[in-house]
**Student:** 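The following block contains the structure, expressed as structure tokens.
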Amino acid sequence: MSQLSQKRAPIYEALEEFKKMRVVPFDVPGHKRGRGNPELAELLGEKCVSMDVNSMKPLDNLCHPVSVIRDAERLAAEAFHAAHAFLMVGGTTSAVQSMILSVVKRGEKIILPRNVHRSVMGAMVLCGAVPVYVNPECDARLGIPLGMSVSAVEEAIRKNPDAKAVLVNNPTYYGICSDIKRITQLAHQNGMLCLADEAHGTHFYFGEGLPLSAMDAGADMAAVSMHKSGGSLTQSSLLLIGPAMQEGHVRQIINLTQTTSGSYLLLSSLDISRRNLALRGKETFEKVKELAEYARGEINAIGGYYAFSRELVNGDSIFDFDVTKLSVNTLDIGLAGIEVYDLLRDEYDIQIEFGDLGNILAYVSIGDRMREIERLVSALSEIRRRFAKSGADLMEQEYIDPEVAVSPQEAFYAETESLPIEETAGRICSEFVMCYPPGIPILAPGERITRPILDYIAYAKEKGCSMTGPEDPGIERLNVLKGD
């Protein structure tokens with residue numbers, strides 16, 4: 001492991017040294033430290049554009065790091081208890097897809113929950129792997145998918161002993177954790193790898209009294225969104241690996257899809273944020289926990305809302321709960337989560353992370369202060385007073401089990417026809433349909449379209465969910481397999 005101190009930030013330090021050298025740039029980027037694009041320089045600031053530079057010997061190369069980027073990776077691995085860490089500039093989507101492409105190929109099986117991010121399904125399309133779904137249990141009151149129960153994973157492994165890996169959300173968008181340690185043990189006992197989508201779990205590595213991190217659970221790979229709860233710039237992420245993985249092989253997979261022009265703004269933000277978390281993460285996330293717990297108490301005192309927490313823990317499908325997640329059920333005030341989301345933005349200038357059909361998520365992180373929490377609580381109280389109504393017209397929330405007819409890759413690249421959405425019941429979908437955020441597909445390529453799914457899509461559109469995925473931006477038509 002690295003002999004460097006966690007107080008160091010090698011990429012940031014190299015950029016500072018580079019700035020002093022006053023190098024004349026006859027390389028890309030073409031804006032030449034902002035001189036060629038004054039409006040951009042004015043928007044971002046001279047310091048920012050002057051550090052938007054190309055790979056060169058003093059600054060290393062992301063595709064094949066040997067100096068400062070290599071040192072930054074070693075420090076990240078140490079901070080996150082991993083055998084190695086890769087700095088990712090294509091978002092956690094890129095990290096998730098590299099993780100999956102590293103362990104499964106065409107025709108091979110991977111066991112995973114259905115409530116995965118679209119990036120997981122995208123990886124299936126790219127590599128041709130076959131998903132084996134563990135349908136998560138669902139909380140009837142909240143209408144959200146929970147974690148995977150250990151017994152359900154055991155059953156999936158028993159029925160699919162040839163699967164190569166098991167993927168776990170740690171946590172889900174709503175903060176719910178499966179028993180990742182036990183699931184990792186099960187995978188390893190059956191000759192499989194365990195992968196973790198930790199897009200929303202960066203803080204697990206640094207805070208106290210939080211759920212177990214993937215690397216500490218013994219998982220083989222984890223994709224970590226540093227830009228979410230870790231404080232780095234949007235689109236910057238980490239891919240962590242354990243000792244069973246070959247660093248060189250994973251780097252080759254990453255280099256298949258990641259840009260050869262890695263942004264030094266993103267790389268330095270990862271470096272600085274890792275240092276910040278390593279040095280101050282414990283006390284920082286203690287404050288985040290306190291803010292979220294305070295908000296939960298105040299919101300529950302309003303009446304009508306349910307800001308849920310560890311009282312849901314059942315030791316299995318909800319093995320643990322991330323108390324930094326401020327997830328709030330809104331159905332008892334007669335409003336869908338997306339309606340509260342819209343009211344907060346349009347009436348109170350408060351932008352929360354997302355609203356679904358029954359819940360909202362306000363992302364509480366290292367940049368929040370008590371005054372913002374108070375403003376959110378006050379706005380929610382006013383929304384209840386001004387806009388609450390009978391919930392008679394609200395759809396009963398439920399998890400809809402998917403019927404996988406063909407592999408995602410086969411469906412995505414198949415010959416298709418476009419039909420009005422109402423005429424697609426019984427057909428096999430060849431594209432994605434999802435509300436974004438959270439980006440969990442309602443339909444994925446290769447799944448059969450059913451009447452409950454069509455009803456769900458129609459209701460989500462009516463309530464104002466931001467829906468994405470199909471070729472038709474209005475989602476009036478869907479592409480389905482020809483002749484299925």
Side-chain angles (χ1 to χ4, degrees), residues 96-97 99-125 127-139 144-174 176-198 211-212 214 217-223 242 244-245 314-320 398-411 440-448 450:
V96 165
Q97 293 183 344
M99 176 169 72
I100 292 170
L101 267 60
S102 295
V103 303
V104 282
K105 52 184 182 286
R106 185 176 175 83
E108 293 182 339
K109 295 176 185 174
I110 179 169
I111 295 167
L112 67 163
R114 178 57 181 77
N115 56 321
V116 289
H117 188 261
R118 65 171 296 170
S119 58
V120 175
M121 303 307 299
M124 303 286 146
V125 169
C127 72
V130 179
V132 174
Y133 291 129
V134 174
N135 289 328
E137 292 179 27
C138 190
D139 184 288
I144 61 173
L146 307 176
M148 297 189 291
S149 71
V150 171
S151 60
V153 175
E154 276 183 308
E155 177 73 359
I157 289 173
R158 189 183 63 76
K159 288 182 175 177
N160 301 274
D162 54 340
K164 299 295 180 182
V166 180
L167 184 136
V168 187
N169 291 320
N170 195 51
T172 68
Y173 222 141
Y174 301 93
I176 290 164
C177 295
S178 304
D179 186 350
I180 189 169
K181 186 168 187 177
R182 183 74 190 101
I183 291 169
T184 298
Q185 289 169 346
L186 270 175
H188 289 169
Q189 285 162 10
N190 288 276
M192 301 175 191
L193 298 169
C194 185
L195 318 180
D197 180 346
E198 276 190 317
L212 187 67
D220 299 290
M221 303 184 83
M245 302 303 299
N314 60 21
D316 194 13
S317 59
I318 312 175
F319 183 76
D320 207 347
E398 60 177 18
Y399 171 76
I400 304 170
D401 290 352
E403 183 191 330
V404 181
V406 299
S407 78
Q409 186 184 66
E410 186 181 339
I440 297 164
I442 300 163
L443 271 171
E447 293 178 1
R448 196 169 296 282
T450 62

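Keep in mind that the numbers below use all heavy atoms, side chains included, and drop hydrogens, waters and symmetry copies.
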**Student:** Looking only at heavy atoms, which two atoms of Pro408 and Ala129 are closest? And how far apart?
**Tutor:**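 Result for this residue pair: CD-O, 4.1 Å.
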**Student:** Any side-chain heavy atom of Pro145 within less than 4.5 Å of one from Ile176?
**Tutor:**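 Not in contact.
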**Student:** Could you tell me if the side chain of Pro441 sits less than 4.5 Å from the side chain of Arg114, heavy atoms only?
**Tutor:**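 Yes, close enough: below the 4.5 Å cut-off.
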**Student:** Could you tell me whether Lys159 and Glu155 make a salt bridge, using a distance below 4.0 angstrom between a side-chain N and a carboxylate O?
**Tutor:**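 Yes.
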**Student:** Is there side-chain contact between Val134 and Val166, with at least one heavy-atom pair below 4.5 Å?
**Tutor:**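 Side chain of Val134 against side chain of Val166, heavy atoms only: no contact under 4.5 Å found.
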**Student:** If I compare all heavy atoms of Pro402 with all of Asn135, which pair ends up nearest, and what's the gap?
**Tutor:**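 Distance-wise, the nearest heavy atoms are CD-OD1, 3.5 Å.
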**Student:** When the side chains of residues 187-198 are checked against the rest of the protein, which donor-acceptor pairs come out under 3.5 Å, sequence neighbours left out?
**Tutor:**
unit_1: His188; atom_1: NE2; unit_2: Asp220; atom_2: OD1; d: 3.4
unit_1: His188; atom_1: NE2; unit_2: Asp220; atom_2: OD2; d: 2.8
unit_1: Asn190; atom_1: ND2; unit_2: Leu186; atom_2: O; d: 2.8
unit_1: Asp197; atom_1: OD1; unit_2: Ala199; atom_2: N; d: 3.1
unit_1: Glu198; atom_1: OE1; unit_2: Tyr205; atom_2: OH; d: 2.5
unit_1: Glu198; atom_1: OE2; unit_2: Asn170; atom_2: ND2; d: 2.9
unit_1: Glu198; atom_1: OE2; unit_2: Ala214; atom_2: N; d: 2.8

**Student:** For Lys181, does the NZ atom have more than 12 heavy-atom neighbours from other residues, nucleotides or ligands under 6.0 Å away?
**Tutor:**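 No, because the 6.0 Å sphere around NZ of Lys181 holds 12 heavy atoms or fewer from other groups.
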**Student:** How would you list, by chain and number, every residue that makes a side chain to side chain contact (heavy atoms under 4.5 Å, CB included) with Ser178, sequence neighbours excluded?
**Tutor:**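 Partners of Ser178 by the side chain to side chain contact (heavy atoms under 4.5 Å, CB included) criterion, ordered by chain and then number, come out as Met148, Val168, Ile183.
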**Student:** Which heavy atom of Ile180 sits nearest a heavy atom of Leu212, and at what distance?
**Tutor:**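 Looking at all heavy atoms of both residues, the shortest contact is CG2-O, 4.2 Å.
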**Student:** Please report the shortest heavy-atom distance between Gln409 and Cys127, naming the atom on each side.
**Tutor:**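 Looks like NE2-C, 3.7 Å.
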**Student:** Partners of Ala123 by side chain to side chain contact (heavy atoms under 4.5 Å, CB included), sequence neighbours excluded?
**Tutor:**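 Once residues adjacent in sequence are excluded, the partners of Ala123 under the side chain to side chain contact (heavy atoms under 4.5 Å, CB included) criterion are Gln97, Ile100, Leu101.
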**Student:** What heavy-atom pair brings Leu146 and Asn115 nearest, and what distance separates the two atoms?
**Tutor:**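 Heavy-atom minimum between the residues: O-ND2, 3.7 Å.
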**Student:** I'd like to know if the side chain of Asn169 and the backbone of Pro113 have a donor-acceptor N/O pair within less than 3.5 Å.
**Tutor:**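 No; judged by distance alone, with no hydrogens or angles, the pair does not exist.
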**Student:** Got a second to check how far Arg106's CZ is from Ser407's OG, nearest 0.5 Å?
**Tutor:**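 These two atoms lie 6.5 Å from each other.
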**Student:** With side chains defined as the heavy atoms from C-beta onward, is the minimum distance between Met221 and Val103 less than 4.5 Å?
**Tutor:**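 Met221 reaches Val103 side chain to side chain.
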**Student:** To the closest 0.5 Å, what do you measure between OG (Ser151) and CZ (Arg182)?
**Tutor:**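 Going from the OG atom of Ser151 to the CZ atom of Arg182 covers 11.0 Å.
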